[in-house]
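This report concerns only the one structure given below.
The chain is numbered in sequence order, starting from 1.
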Amino acid sequence: MFIIGKRQELTAVKTVDFGIYLAEEGDRENRVLLPKKEVPEDLKLGDKLEVFLYKDSQDRLIATRRKTKVSVGELAVLNVGSITKIGAFLDWGLEKDLLLPFKEMTATLHEGDEVLVTAYEDKSGRLCATMKVYKFLHTDSDYQKDDWVQARVYELSDRFGAFVAVDDKYSALIPKKEVTKDIRVGDKFEARVTGVHEDGKLNLSTREKSYMTIDKDAEYVMYLINSYDGVLPFNDKATPETIKRECNMSKNQFKRAVGHLLKNGDIEIGEKVIYARK
């Protein structure tokens with residue numbers, strides 16, 4: 001049985017002017033062509049070859065010895081070569097680029113973007129890519145709480161937060177409350193493991209522990225106060241939305257930073273403002 005989208009070992013059974021036909025052992029009826037330009041010079045009938053099967057631009061099943069960057073059910077980061085009316089085309093190592101249909105995207109893409117995808121066989125038997133990779137991610141990492149990891153965003157959720165792949169292979173989530181900066185699909189950055197679920201999935205945060213970040217947050221708040229000529233036009237009673245917009249931090253972070261500055265005698269808090277002490 002031929003398997004589209006994966007590598008398999010087949011036997012050379014017939015030579016023609018334009019290549020050689022390959023078949024499974026014991027099945028000479030079902031054959032697939034390996035084009036002449038890819039046939040090894042010393043190949044003889046009966047020899048075995050490992051090849052990858054896909055459909056060419058005319059929807060004919062074809063074999064190739066070339067290494068593809070992704071196969072069915074496996075994950076890879078591919079570059080967006082072009083955007084068309086039917087989707088994006090990705091460079092996956094073959095002459096015919098791999099189609100990523102619009103319905104399989106989790107965000108708007110542009111030429112040059114890098115995206116985490118896997119390949120699948122569509123209803124017509126052609127190979128396509130999908131960014132919906134949740135079920136293909138692994139949950140058997142060795143990472144523990146407080147480890148720092150490389151995370152890549154593959155989907156955003158207004159309800160849950162940012163779905164990310166650690167090392168482009170392990171399943172993880174940055175919960176909504178931990179998303180402290182503008183994040184877009186495709187972004188890659190360092191994150192800290194805040195928890196490991198029983199099923200192996202990871203919870204992450206882009207922030208350090210509060211006691212490690214308080215000095216940095218306080219320094220940034222002081223910078224903002226000085227940028228307003230020493231009078232910040234809101235204080236720690238401002239809405240979380242205002243603090244997020246102006247400071248890019250949570251209200252709790254802001255209050256900790258303000259408390260730190262107040263304790264050190266760097267600021268005074270007015271009814272609706274914060275003053276830098278002179």
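Considering only heavy atoms from C-beta on, Met131 comes within 4.5 Å of Leu109 through its side chain. The shortest side-chain heavy-atom distance between Thr106 and Lys132 falls under the 4.5 Å cut-off. For the pair Glu104 and Asp122, the minimum side-chain heavy-atom distance is 4.5 Å or more. Considering only heavy atoms from C-beta on, Leu204 comes within 4.5 Å of Val166 through its side chain. You'll find the side chain of Thr206 stays beyond 4.5 Å of the side chain of Glu178, heavy atoms only. Side-chain contact check for Pro233 versus Glu246: every heavy-atom pair is 4.5 Å or farther apart. Taking 4.5 Å as the limit, every side-chain heavy atom of Tyr228 sits out of range of all side-chain heavy atoms of Val273.
Below 30°, between 30° and 60°, or above 60°: for Phe254 and Phe234 the angle between ring planes is between 30° and 60°, a tilted geometry.
Scanning both residues, Leu156 and Val153, for their nearest heavy atoms gives CD2-CG1, 3.8 Å.
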Check against side chain to side chain donor-acceptor pair (under 3.5 Å), Ser250 and Asn252:
CA-CA 5 Å; Ser250 69; Asn252 283 339; 5.4 Å; no

Take Lys55 and Asp59 through the salt bridge (Lys or Arg N to Asp or Glu O under 4.0 Å) test and state the conclusion after the steps. CA-CA 5 Å; Lys55 285 191 174 182; Asp59 278 344; 5.6 Å; no

- Message: As a quick check of understanding, evaluate side chain to side chain donor-acceptor pair (under 3.5 Å) for Arg159 and Ser157, giving each step before the final call.
- Response: CA-CA 5 Å; Arg159 180 180 177 186; Ser157 167; over 6 Å; no

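Taking the six-membered ring where the residue is Trp, the centroids of Tyr154 and Phe136 are separated by 6.0 Å or more.
By the salt bridge (charged side-chain N to carboxylate O under 4.0 Å, His left out) test, Glu268 pairs with Arg277, sequence neighbours left out.
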